[in-house]
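Data block below; observations after.
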Protein chains: 2
Amino acid sequence: MRKISESTVRRLSLYLRFLEQCAPQKITISSDELARLGGTTSAQVRRDLLAFGSFGRRGIGYPINDLASRIRGILGLQRQYKVVLIGAGRMGSALVHYPGFRERGFNITAVYERDPKQIGVRWSGLRIRDVGSLERDLKRDSVDIAIITTPVEAAQDVAGKLVRGGVKAILNFAPTKLAVPEDVVVRTVNMAAELESLSFSLARGGIGHRE
Amino acid sequence: MRKISESTVRRLSLYLRFLEQCAPQKITISSDELARLGGTTSAQVRRDLLAFGSFGRRGIGYPINDLASRIRGILGLQRQYKVVLIGAGRMGSALVHYPGFRERGFNITAVYERDPKQIGVRWSGLRIRDVGSLERDLKRDSVDIAIITTPVEAAQDVAGKLVRGGVKAILNFAPTKLAVPEDVVVRTVNMAAELESLSFSLARGGIGHRE
DNA sequence: TTCTGTGAATAGGTTCACAGCT
DNA sequence: AGCTGTGAACCTATTCACAGAA
């Protein structure tokens, strides 16, 4: 089984969403159909799917259910994930209440915050905890993924606590590069940079139309 | 002046942030230093900067202020942008109050919502308007960028209104591919897909450590 | 005929390595 | 010596085009 690139992973997420939206009576789907839905080419779709073994049928297409569960396997979505969130601001609130996470098996089980005024407040049943107890809590029972929604100044410090607590995957919304050991994966979502990429495109018919 | 790739644009955003954080007495910065800050290589930095003309000085480095304003030029950040947001949910609230946007010249000037209970509510001085008047408002005075934070079912419909209202750039937080004309740029931020990319990495020491 | 699987060709992005300023 | 600018090499991703199975 070959190496799978980051852009392929991103597209697999997309394909999975489309497969799950298919009418239940529909049995198979062609690479061409998936390509139209996802805004790529059929060759691209076939290459992506080939990256983890071939099981489409020539002349027919791909069996929808098999393909979906195969993609879930690749993306590691057959299991549940324990997620904690640090930073009980507006962005934290938006993410805690985002239904798409739980649907995919990402369960936010704790929220941490530094501001004493926020500690103890409940967000739909989840009591906001003191970030001071984060490291201890992580050592007591471990979590899979952490989401950082703190102000930028606090982010690296929090990342340190997470790493020491054994967290191996971090989704970071603070606009900074986090220094972490080799075996920890970080994805940074930088809202301002997203807008900047749009202003770049406006300034010169640049990157073009990319979805 | 050559074509600039999407990944270069993303890195330029990063570089700009670092340049702005430099101590004011610091005059120049080397590609090596920028590389360390941004987690790339010096060769990569030099290539990125070369994409829009050479004005570093051999043996010295790049003049910080010049470089910063040149990058601002490339990214189209010398001007102000008028931005509207559609969908006054928690994510909308998080973005409206995010200080990083205004700092960069992205001014959210109106918020639209479908739910009548929300219409008229004020978010730090901004009165939430009926999405029914969106298209008319856009035609009266145009905006540069729109941010969609509606539920996924409403997103395509809103995108249609935006396009008819002359908006040429859309930042989309609904997990769906928006169909828009060629001359409209869309960037979709898919939160669930970000987590899926992390679960993929956890499932197999996959993509590796990418910042 | 339809639609996958895949080698080969192409394009695109990154790294190397070194000439040339300061 | 220090550090940029840049051709060339390299590596990775995408597209082409067609053989082969249903």
Side-chain angles (χ1 to χ4, degrees), chain A residues 1-15 18-19 22 26-64 66-68 70-71 197 200 206-211, chain B residues 1-15 18-19 22 26-64 66-68 70-71 197 200 206-211:
Chain A
M1 197 178 283
R2 288 167 232 177
K3 199 169 53 175
I4 295 180
S5 78
E6 191 167 343
S7 28
T8 296
V9 171
R10 206 180 296 272
R11 283 191 299 266
L12 289 178
S13 288
L14 260 186
Y15 301 156
F18 298 140
L19 293 171
C22 280
K26 198 168 159 60
I27 300 294
T28 60
I29 190 166
S30 70
S31 56
D32 204 61
E33 230 170 322
L34 268 176
R36 260 197 308 278
L37 290 168
T40 12
T41 66
S42 61
Q44 179 74 80
V45 172
R46 293 201 298 280
R47 269 274 182 263
D48 285 340
L49 299 185
L50 266 170
F52 53 102
S54 61
F55 62 104
R57 315 226 322 185
R58 295 169 198 235
I60 306 290
Y62 297 88
I64 291 181
D66 281 17
L67 185 54
R70 196 69 79 94
I71 293 180
S197 139
F200 168 81
I207 296 173
H209 168 65
R210 183 82 50 97
E211 195 14 12
Chain B
M1 198 176 284
R2 290 166 227 177
K3 199 169 53 175
I4 294 179
S5 79
E6 191 166 342
S7 28
T8 296
V9 172
R10 206 180 297 272
R11 283 191 300 264
L12 289 178
S13 289
L14 261 185
Y15 302 155
F18 298 138
L19 293 171
C22 280
K26 199 167 155 61
I27 300 295
T28 60
I29 191 167
S30 70
S31 57
D32 205 60
E33 230 170 324
L34 268 176
R36 260 197 308 278
L37 290 169
T40 13
T41 67
S42 62
Q44 179 74 79
V45 172
R46 292 201 299 279
R47 269 274 182 262
D48 285 340
L49 300 185
L50 266 170
F52 52 102
S54 60
F55 62 105
R57 313 227 323 188
R58 297 169 197 232
I60 307 287
Y62 297 88
I64 292 182
D66 280 17
L67 185 54
R70 195 70 78 98
I71 293 180
S197 140
F200 168 80
I207 298 172
H209 167 65
R210 186 79 55 94
E211 193 16 12

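Lettering follows sequence order; numbering is per chain, from 1. Values below: every heavy atom of this structure, side chains too, minus hydrogens, waters and symmetry copies. None of these values were measured; they are calculated from a predicted model.
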Is there a donor and acceptor pair closer than 3.5 Å between the side chain of [X] and the base of [N]?
| X | N | value |
| --- | --- | --- |
| Arg46(B) | dG7(D) | no |
| Arg58(B) | dG5(D) | no |
| Arg11(B) | dG13(C) | no |
| Arg47(A) | dT6(C) | no |

Next on the checklist: Distance check, rounded to the nearest 0.5 Å: Leu12(B) atom CG versus Ser197(A) atom OG?
Outcome noted: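 Spacing of CG (Leu12(B)) from OG (Ser197(A)) equals 11.0 Å.
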
Next on the checklist: Return the CG to CG distance between Asp66(B) and Leu19(B), rounded to the nearest 0.5 Å.
Outcome noted: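 Going from the CG atom of Asp66(B) to the CG atom of Leu19(B) covers 11.0 Å.
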
Value in whole Å for how far the [atom2] atom of [N] lies from [atom1] of [X]:
| X | N | atom1 | atom2 | result |
| --- | --- | --- | --- | --- |
| Asp32(A) | dG5(C) | CG | C1' | 15 Å |
| Leu12(B) | dG13(C) | CG | C1' | 14 Å |
| Ile29(B) | dC3(D) | CD1 | P | 12 Å |
| Leu50(B) | dG13(C) | CG | P | 15 Å |
| Ile27(B) | dT22(C) | CD1 | P | 18 Å |
| Asp48(A) | dT15(D) | CG | P | 10 Å |
| Arg10(B) | dG13(C) | CZ | C1' | 14 Å |
| Leu67(A) | dC3(C) | CG | P | 16 Å |

Next on the checklist: Go nucleotide by nucleotide along DNA chain C from the 5' end; which of Phe55(A) and Ser7(B) gets its closest nucleotide reached first?
Outcome noted: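 Between the two, 5'-proximity favours Phe55(A).
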
Checklist entry - With a non-hydrogen cut-off below 4.0 angstrom, is Thr8(B) in contact with a base, only sugar-phosphate, or nothing? => result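 It contacts nothing in the nucleic acid.
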
Under 4.0 Å between a side-chain N/O of [X] and OP1 or OP2 of [N], yes or no?
| X | N | answer |
| --- | --- | --- |
| Ser31(B) | dC3(D) | no |
| Tyr62(A) | dG5(C) | yes |
| Ser5(A) | dA13(D) | yes |
| Gln44(B) | dT15(C) | yes |

Next on the checklist: Against the six-membered ring of Phe52(A), is Arg70(A) placed for a cation-pi contact (under 6.0 Å from the centre, within 45° of the normal)?
Outcome noted: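 Output no; distance or angle outside limits.
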
Checklist entry - On the ring face of Tyr62(B), is Arg57(B) found with NZ or CZ under 6.0 Å from the centre and within 45° of the axis? => result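 Here Arg57(B) fails the 6.0 Å and 45° test against Tyr62(B).
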
Next on the checklist: Judged by each residue's nearest nucleotide on DNA chain D, which is more toward the 5′ side, Ile60(A) or Thr41(A)?
Outcome noted: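 Its nearest nucleotide being more 5', the pick is Thr41(A).
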
Checklist entry - Any idea which heavy atoms bring Ala51(B) and Ile4(B) closest together, and the distance? => result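 Between these two residues, the closest heavy atoms are CB-CG1, 4.1 Å.
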
